[in-house]
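Just so it is clear, the model here is predicted, and its values are computed rather than measured.
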Amino acid sequence: MNQNLGVTSLFFRVSCLCGSAPCLLCGCCPSSNNSTVTRLVFSFFLLLGTLVSIIMILPGMETQLQKIPGFCQGGSTIPGVENQVNCDVIVGYKSVYRMCFAMACFFFVFSAVMIRVRTSKDPRAAIQNGFWFFKFLILVGITVGAFFIPDGTFNNVWFYFGIVGSFMFILIQLILLIDFAHSWNEVWVRNSEDGDRKGWFFGLLFFTILHYALAFAAVVLFYLYYTKPDNCTEHKVFISLNLIICIIVSVVSILPKVQEHSPQSGLLQSSLITLYTMYVTWSAMTNNPNRACNPSLLSLVSNISSSAEPTPTSTPGTVQWWDAQGIVGLVIFLFCTFYASIRSSSNTQVNKLMQTEEGKGSGVEGEVGEDGLRRVVDNEEDGVTYSYSFFHFHLFLASLYIMMTLTNWYMPDTTTQAMLSSMPAVWVKICSSWLGLALYLWTLMAPVVLPNRDFS
């Protein structure tokens with residue numbers, strides 16, 4: 001009897017990987033919805049590719065590979081064995097470009113294939129929610145093929161793809177943060193009305209003040225270290241303009257007319273958006289090729305004068321892969337990716353922007369199989385709860401964003417084989433912050449300007 005149960009359990013797990021059954025991660029996610037598990041697995045694919053990219057770009061990785069006998073061209077050799085691998089391509093920024101190219105192609109293909117899938121009864125939904133082993137093999141195959149792409153103009157062309165995709169992904173990150181702040185505020189306000197009013201209200205007040213304090217401290221540090229009395233005019237404009245817009249947005253969020261039409265809006269959301277805007281501003285300034293206006297974090301900590309930094313015309317040196325803004329960007333990326341996979345929002349405006357309809361789907365409980373595991377339930381028979389195509393497009397943009405983040409938004413220079421800071425990266429980030437603030441301002445003003453439309 002136990003052997004039969006063991007065979008049944010093994011067959012079930014194989015069907016999860018190779019079939020269309022929506023049952024993966026059942027043991028870890030009991031009574032989970034099919035829509036949530038699928039998004040988590042695809043996000044895991046993205047995070048796995050990100051981890052591989054991080055390993056490939058670690059300082060000294062090429063040196064370690066050179067020590068493997070018979071592996072790298074120009075490295076240690078074995079008599080009679082010709083070193084075939086170009087380790088200059090499989091490590092460093094070139095490897096990140098190729099790894100992220102593979103992930104971007106993978107998710108873009110799925111985005112195209114899943115256009116206009118309405119219910120899980122569509123044959124394409126079985127591909128979306130199952131066959132994980134084969135999908136993993138496809139991703140590995142694309143990745144292997146990407147490493148055979150000759151250098152040529154690939155790096156430069158893909159850099160501009162990364163710039164455009166990252167611009168769009170920053171906006172999506174801002175939308176997700178707006179949605180997170182709205183959900184956070186809604187839950188805590190409801191708890192304050194139902195239970196300990198003072199405790200929940202104090203929590204909202206504490207985090208609101210904390211966000212604004214961090215943002216204000218950031219502005220002070222920006223003026224101290226990223227501007228000069230007779231230089232860095234762009235930085236002065238960026239900091240001042242974003243600070244003014246953030247103040248305007250914060251004031252608008254608590255206007256009586258706005259509160260009347262959107263009672264869920266408030267300073268918690270505005271404070272979080274303000275803090276994120278300051279991060280984007282800082283991230284943009286760290287890509288300025290003028291080193292007098294862009295001191296390294298090491299020089300700031302060590303009190304080294306920025307005048308000792310190399311001039312813009314100096315020979316490009318070693319790229320500093322792991323700087324502070326890159327690490328912060330990676331943390332925000334991981335949070336937004338995970339939140340996009342599990343989000344269940346009541347915010348209609350955000351749901352329309354993100355192409356999600358979390359109110360749809362059945363609430364059927366997952367059945368328990370003979371092996372004691374609860375099956376993931378198909379909650380999309382009557383209608384999908386999110387746009388399959390848009391979700392994959394979001395992961396496609398995330399692949400481009402992580403590529404730019406891990407390479408610090410540096411532009412590859414094929415003539416010197418170096419990576420250079422560039423002003424296009426600066427303007428992309430700053431413009432995305434302006435557009436994001438305009439988008440958030442519209443979510444506040446739309447119910448007031450268009451009172452006849454339902455924005456609840």
Side-chain angles (χ1 to χ4, degrees), residues 170-219 241-281 328 331-332 335-336 338-340 342-354 356 358-359 432-456:
I170 290 175
L171 295 179
I172 291 180
Q173 278 194 148
L174 184 61
I175 293 172
L176 290 172
L177 287 174
I178 293 173
D179 180 52
F180 171 74
H182 273 297
S183 301
W184 181 6
N185 184 73
E186 182 181 1
V187 171
W188 282 28
V189 168
R190 184 170 62 247
N191 290 341
S192 69
E193 295 173 350
D194 297 339
D196 183 8
R197 181 180 181 88
K198 291 183 178 179
W200 290 107
F201 179 77
F202 176 77
L204 288 171
L205 182 62
F206 171 78
F207 281 102
T208 300
I209 294 175
L210 177 64
H211 294 158
Y212 277 123
L214 291 174
F216 178 75
V219 170
L241 192 57
N242 278 356
L243 177 61
I244 293 172
I245 297 176
C246 286
I247 292 174
I248 292 174
V249 166
S250 298
V251 172
V252 169
S253 68
I254 57 174
L255 290 177
K257 201 70 174 178
V258 173
Q259 287 289 309
E260 178 184 345
H261 291 83
S262 302
Q264 76 279 4
S265 65
L267 288 178
L268 178 65
Q269 299 94 310
S270 299
S271 67
L272 187 60
I273 299 308
T274 298
L275 184 59
Y276 179 73
T277 300
M278 292 307 147
Y279 158 72
V280 176
T281 306
V328 174
V331 171
I332 296 175
F335 169 78
C336 289
F338 178 73
Y339 181 69
I342 65 172
R343 66 182 293 273
S344 179
S345 175
S346 60
N347 191 306
T348 305
Q349 296 182 67
V350 175
N351 283 340
K352 288 180 179 179
L353 289 170
M354 294 296 295
T356 56
E358 295 294 342
S432 66
S433 70
W434 292 340
L435 188 57
L437 287 170
L439 186 63
Y440 176 58
L441 186 60
W442 171 248
T443 64
L444 297 173
M445 296 300 300
V448 179
V449 178
L450 303 172
N452 296 326
R453 295 186 59 179
D454 182 19
F455 291 98
S456 59

Margin query: Check the orientation of W188 and W184. Use parallel for under 30°, tilted for 30 to 60°, and perpendicular for over 60°.
Written below: perpendicular

Next item on the list: Taking all heavy atoms of S253 and all of V258, pick out the closest pair and write down the distance.
Entry: O-CG1, 4.1 Å

Note to self: Using every non-hydrogen atom in the two residues, find where Q173 and I332 come nearest and quote the distance to one decimal.
What the structure shows: OE1-CG2, 3.7 Å

Next item on the list: Show your working on side chain to side chain contact (heavy atoms under 4.5 Å, CB included) between L241 and W434 and close with a plain yes or no.
Entry: CA-CA 9 Å; L241 192 57; W434 292 340; 3.6 Å; yes

Note to self: What's the separation between atom OG in S271 and atom CG in L204, rounded to the nearest 0.5 Å?
What the structure shows: 9.5 Å

Notebook entry, point to check: L272 and A181: which non-hydrogen atoms are nearest, and at how many Å?
Noted result: CD2-CB, 3.8 Å

Next item on the list: Walk me through it: do I170 and L174 pass the test side chain to side chain contact (heavy atoms under 4.5 Å, CB included)?
Entry: CA-CA 6 Å; I170 290 175; L174 184 61; 5.8 Å; no

Notebook entry, point to check: Can you list the steps and then say if V249 with T274 is a side chain to side chain contact (heavy atoms under 4.5 Å, CB included)?
Noted result: CA-CA 9 Å; V249 166; T274 298; over 6 Å; no

Margin query: I need the minimum non-hydrogen distance between M278 and V219, along with the two atoms involved.
Written below: SD-CG2, 3.6 Å

Checklist line | Note, L177 side chain near F335 side chain (heavy atom, < 4.5 Å) | finding: yes

Next item on the list: Compute whether any side-chain donor of one residue and acceptor of the other, for Y440 and S270, lie under 3.5 angstrom apart.
Entry: yes

Check: What's the spacing between Y212 OH and L268 CG if we round to 0.5 Å?
Finding: 9.0 Å

Check: If we only count heavy atoms from C-beta on, is the C246 to I273 side-chain gap below 4.5 Å?
Finding: no

Check: Going by heavy atoms in the side chains, are L441 and L437 under 4.5 Å from each other?
Finding: no

Checklist line | Taking every non-hydrogen atom, the tightest pair across S432 and V280 | finding: OG-CG1, 4.1 Å

Margin query: Rounded at 0.5 Å granularity, tell me how far CG in L267 sits from CD1 in I254.
Written below: 4.5 Å

Check: Going through the checks in order, is the side chain to side chain contact (heavy atoms under 4.5 Å, CB included) test met by V187 and W200?
Finding: CA-CA 10 Å; V187 171; W200 290 107; over 6 Å; no

Check: Roughly how far apart are Q269 CD and E186 CD, rounded to 0.5 Å?
Finding: 10.0 Å

Item checked: Rounded distance (nearest 0.5 Å) linking atom CD1 of I245 with atom OG1 of T277 -> 8.5 Å

Next item on the list: To the nearest 0.5 angstrom, please state how far the CG atom of L444 sits from the CG atom of L255.
Entry: 9.0 Å

